[in-house]
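The structure displayed is predicted, hence computed values, not measured ones. Along the sequence shown, residues are numbered consecutively beginning with 1.
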Amino acid sequence: MRMRRILGLALAAATLAGASAVGAVTAEAASSPNITRDECTAAGGQITARPYAGETCALPDGTTQPIT
């Protein structure tokens, strides 16, 4: 019975560690990287300027990325 409890705790700790690692990777993937004007036009995107927000690149797949 004691061994089962120890294994359960180890499994719970591993699950939490895995979930936090996946969350960190997902958060990094969700944040869009910056793109340059040349990269935007090369990818077929359109550069749009927004007041007080700078320029963004609207890509053909429907995503937008800030321009550096």
Side-chain angles (χ1 to χ4, degrees):
M1 187 68 168
R2 184 169 194 223
M3 186 64 151
R4 193 181 271 182
R5 184 181 307 156
I6 291 172
L7 286 175
L9 288 174
L11 180 62
T15 302
L16 279 174
S20 64
V22 168
V25 169
T26 304
E28 176 134 358
S31 63
S32 61
N34 292 341
I35 190 170
T36 64
R37 292 175 66 89
D38 294 333
E39 292 171 340
C40 177
T41 55
Q46 288 187 329
I47 298 171
T48 56
R50 296 181 300 174
Y52 306 107
E55 295 180 326
T56 60
C57 176
L59 294 169
D61 64 354
T63 59
T64 59
Q65 294 181 348
I67 293 179
T68 55

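- A donor-acceptor contact under 3.5 angstrom links the side chains of D61 and T63, judged on distance only.
- E55 and R50 are not joined by a salt bridge, as no carboxylate oxygen comes within less than 4.0 angstrom of a charged side-chain nitrogen.
- Taking both residues in full, the closest heavy atoms of G44 and P60 are given as O-CG, 3.5 Å, listed atom of the first, atom of the second, then distance.
- When all heavy atoms of I67 and T36 are compared, the pair lying nearest together is CG2-C, 4.2 Å.
- In the hydrophobic cluster analysis, where Ile, Leu, Val, Met, Phe, Trp and Tyr join through side-chain heavy atoms closer than 4.5 angstrom, I47 is grouped together with I35.
- T56 and T48 share a side-chain donor-acceptor pair at under 3.5 Å.
- Of all the heavy atoms in A43 and L59, the pair that sits closest is CB-CD2, 4.0 Å.
- Counting all heavy atoms, side chain and backbone alike, N34 lies closest to P66 at OD1-CG, 3.0 Å.
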